[in-house]
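Because only heavy atoms are used, hydrogens play no part in the values below, and waters and symmetry mates are left out as well, while side chains stay in. The sequence lines fix the lettering, A, B, ..., with proteins before strands; numbering per chain opens at 1.
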Number of protein chains: 2
Amino acid sequence: MSAAVKPVPPGRPRGARTRESILRAAVDLASMEGLAGLTIGRLADELEMSKSGLFAHFGSKEELQLATVEMARTIFVEHVINPALAAPKGMPRLWALCNLWLEHVEERIFSGGCFFTAASFEFDSRPGAVRDRIAQVMRKWLDILTRAAQSAQEAGHLKAAIDPAGLAFEVYSLAMGGYWAKELFHDSKATAQVRSAILERIRAVATKSCPRMPPRR
Amino acid sequence: MSAAVKPVPPGRPRGARTRESILRAAVDLASMEGLAGLTIGRLADELEMSKSGLFAHFGSKEELQLATVEMARTIFVEHVINPALAAPKGMPRLWALCNLWLEHVEERIFSGGCFFTAASFEFDSRPGAVRDRIAQVMRKWLDILTRAAQSAQEAGHLKAAIDPAGLAFEVYSLAMGGYWAKELFHDSKATAQVRSAILERIRAVATKSCPRMPPRR
DNA sequence: ATTCTAATAGCACGAACGTTCGTTTATATG
DNA sequence: CATATAAACGAACGTTCGTGCTATTAGAAT
């Protein structure tokens, strides 16, 4: 275990590079041991640097947690949101969002599964800036799903009787359930099963003019 | 805050009563601050008793956590499982299980929402006895839902093409999603909305001979 | 090569952590 | 009433927590 500060490719001020290394490790640790359980000493050990040296980058634990959330968000955008924007608007994009979300869980982009789902449940009863930011990011994520469903409706892919926000919520609930089962029961088939369930649900509310959506894996 | 050891009705050895008081407080605290974040000193403060006196009841923190899980399970059985067994077998019972699960979240039977859902996500990457027990309890809960769906199929309430385990998983995922949204977004309508979503899903897979299921609230 | 500044380390702090120990206070038994 | 047992306490252990303060280093600029 424990690989000294990863030499993030140079090009920027030295401090910024270390900071990024710290945050990448923080996201990883937090996704496994929880964002609240994340400890400065533990993190410093992992990076083979001093507690005080690490601490100086953030000034307080809450700032470290907030910065960790931002880094997690960046990673999430990079691995899920942006690739999904490559899919054509409408239903295919909604499907791509679900599919890529499941893939990011399967491929353990975050070592502990899904950073934000875990953080949501950890902080939902802990008032403060961290909680607020997590809620904000999740709200945005649901909005993105909802907008995809709305586009699908405008494009005539989605039956007019269906509520886009409701559909977004339902598919994401299924995805979370798959993550839950996979991690808790060590059930490697769980995500594949919810992939089918989501696809089935989407097909049930799709019109005939909805383009065919291949299961990406 | 902080009410001295609640005088759990007498009739049993003194120690057992204190132990129960401790565990009821522990479940409450853990459902808000997390089962891992649960602290002996904090818990002792809440109960206005000494750390050492409290500690003596369990011998180790892990034992305290395990005992807390058992207490949470007892409360869950009392408020969700047992009342649901009053519903007739088959689809009505599956619906009662979902409905009562949502009610136990709405009525904050656990101050922090749903003890087991939160604990699941908290411990899924933390090997050990606590994790194993949580997984066991959750497996059992899914089995109960699945058996209800099977009974529904045998009674002819559920279409033969539907996989009972899959249906059980889907409705519980929706329920968890409702809990997630309610707590994270402070959205008091969330559970009512998933109640409808679940009912709709159930109706979509029910046969014509399935008894009518009134929304319980 | 020297200077300046930003980044890191070292050390110390008070508080809280889980845990142990010896003692005191209740309760139940003779 | 005396005594045995169970339950709770108070103090202290060694460790780790988050956070300061000061010194030392390393990279960039001159």
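B/Arg133 is linked by a salt bridge (Lys or Arg N to Asp or Glu O under 4.0 Å) to B/Glu70, counting only residues two or more places apart in sequence or in another chain. With sequence neighbours left out, B/Thr39 forms a side chain to side chain donor-acceptor pair (under 3.5 Å) with no residue at all.
Between A/Arg17 atom CZ and D/dA26 atom C1' the separation is 12 Å, expressed in whole Å. Per the geometry, CZ belonging to A/Phe58 stands 15 Å off P belonging to D/dG20, to the nearest Å.
Helix bend of the helix from C/dA1-D/dT30 to C/dG30-D/dC1: the angle between its two end axes, each built from five pairs, comes to 10° after rounding to 10°.
Here the rule is side chain to side chain contact (heavy atoms under 4.5 Å, CB included) with A/Val80, and of A/Asn99, A/Leu100, A/Leu102 only A/Leu100 fits it.
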Could you encode protein contacts along nucleotides 8-26 of chain C as a string, one character per nucleotide from 5' to 3', using B for base contact, S for sugar-phosphate-only contact and - for no contact, with a heavy-atom cut-off of under 4.0 Å?
BBBB-----BBBB------
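For residues 123-132 of chain A, no residue pair satisfies the salt bridge (Lys or Arg N to Asp or Glu O under 4.0 Å) rule, not counting sequence neighbours. Sequence neighbours left out, the pairs with a member in residues 25-35 of chain A that pass side-chain hydrogen bond (donor to acceptor under 3.5 Å, both in side chains) are A/Asp28-A/Ser111, A/Glu33-A/Arg42.
Distance check: A/Thr191 OG1 to A/Tyr179 OH gives 12.5 Å after rounding to the nearest 0.5 Å.
Relative ring orientation between B/Phe76 and B/Phe116 is described as perpendicular, the plane-to-plane angle rising above 60° on a 0-90° scale split at 30° and 60°.
Among all heavy-atom pairs drawn from B/Phe58 and B/Ala67, the shortest one is CE2-CB, 3.9 Å.
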